[in-house]
*Asks:* 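Attaching a single structure in structure tokens format; questions to follow.
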Amino acid sequence: MNYEENARILKVLADPNRLKIIDILSCREICACDILKHFDFTQPTLSHHMKVLEESGLINVRKDGVWNYYSLNMISCNKVIKMLMDVFNETEDCICQVIRKSGCK
């Protein structure tokens with residue numbers, strides 16, 4: 001498990017505004033102007049959050065004329081879900097197996 005990469009993604013999601021954006025995008029593809037309606041901050045602030053989410057790979061951006069449309073990158077989102085499931089559940093390649101084999105109790 002790549003703990004550094006997973007921590008980076010979790011830091012992106014730890015911001016309440018970005019988490020709300022992800023929730024909004026779980027419904028459908030949406031333009032930035034419609035996302036902004038759900039927040040009490042400026043368009044540049046929204047652009048910053050969208051850039052962070054895009055750079056993390058969690059969202060896709062599609063340009064149509066002057067508008068940007070955003071959607072979830074379901075492949076990346078599913079990897080986050082799987083990572084969380086792996087952390088909270090024992091699997092074959094879980095660190096728990098290594099600890100057991102080393103004799104730690």
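Remember, predicted model here, so these are calculated numbers, not experimental data.
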*Asks:* Just grab all the side-chain hydrogen bond (donor to acceptor under 3.5 Å, both in side chains) pairs involving residues 50-59, residues at least two apart or on different chains.
*Replies:* none
*Asks:* Are Cys77 and Leu58 side-chain neighbours, meaning at least one heavy-atom pair lies under 4.5 Å?
*Replies:* yes
*Asks:* Answer whether the closest heavy-atom distance between the side chains of Leu53 and Ile22 falls below 4.5 Å.
*Replies:* yes
*Asks:* Same cluster or not: Leu13 versus Met74, using hydrophobic residues (I, L, V, M, F, W, Y) connected whenever any side-chain heavy atoms lie under 4.5 Å apart?
*Replies:* yes
*Asks:* Which pair of heavy atoms, one from Gly57 and one from Ser76, lies closest together, and at what distance?
*Replies:* O-OG, 2.9 Å
*Asks:* Indicate yes or no: at least one non-hydrogen side-chain atom of Asn6 is less than 4.5 angstrom from one of Val80.
*Replies:* no
*Asks:* Does Ala32 have any side chain to side chain contact (heavy atoms under 4.5 Å, CB included) partners at least two apart in sequence or in another chain, and if so, which?
*Replies:* Leu46, Tyr70
*Asks:* List for me each residue that meets side chain to side chain donor-acceptor pair (under 3.5 Å) alongside Lys20, sequence neighbours excluded, and say none if there are none.
*Replies:* none
*Asks:* Would you please name every residue forming a side chain to side chain contact (heavy atoms under 4.5 Å, CB included) with Asp23, sequence neighbours left out?
*Replies:* Ser26
*Asks:* Could you walk me through whether Met50 and Val61 pass the side chain to side chain contact (heavy atoms under 4.5 Å, CB included) check?
*Replies:* CA-CA 9 Å; Met50 301 313 280; Val61 182; over 6 Å; no
*Asks:* If you look only at pairs with a residue in residues 33-42, which of them pass as a side-chain hydrogen bond (donor to acceptor under 3.5 Å, both in side chains), with sequence neighbours excluded?
*Replies:* Asp34-Lys37, Thr42-Thr45
*Asks:* Following the transitive rule for hydrophobic clusters with a side-chain heavy-atom cut-off under 4.5 Å over Ile, Leu, Val, Met, Phe, Trp and Tyr, establish whether Tyr3 and Ile9 coincide in one cluster.
*Replies:* yes
*Asks:* Quick one, Asn2 with Met83, criterion side chain to side chain contact (heavy atoms under 4.5 Å, CB included). Give me CA distance, side-chain angles, the key distance, then yes/no.
*Replies:* CA-CA 10 Å; Asn2 185 335; Met83 177 269 298; over 6 Å; no
*Asks:* Would a hydrophobic clustering, with Ile, Leu, Val, Met, Phe, Trp and Tyr connected at side-chain separations under 4.5 Å, put Trp67 with Leu72?
*Replies:* no
*Asks:* In the structure I gave you, are the side-chain heavy atoms of Asn68 and Arg62 within less than 4.5 Å of one another anywhere?
*Replies:* no
*Asks:* Within the 4.5 Å heavy-atom criterion, are Ile35 and Tyr69 side-chain neighbours or not?
*Replies:* no
*Asks:* What pairs of residues pass the side-chain hydrogen bond (donor to acceptor under 3.5 Å, both in side chains) test when at least one of them lies in residues 7-18, not counting sequence neighbours?
*Replies:* Glu5-Arg8, Arg18-His49
*Asks:* Has the side chain of Asn73 got a donor or acceptor atom that lies under 3.5 Å from a matching backbone atom of Asn60?
*Replies:* no
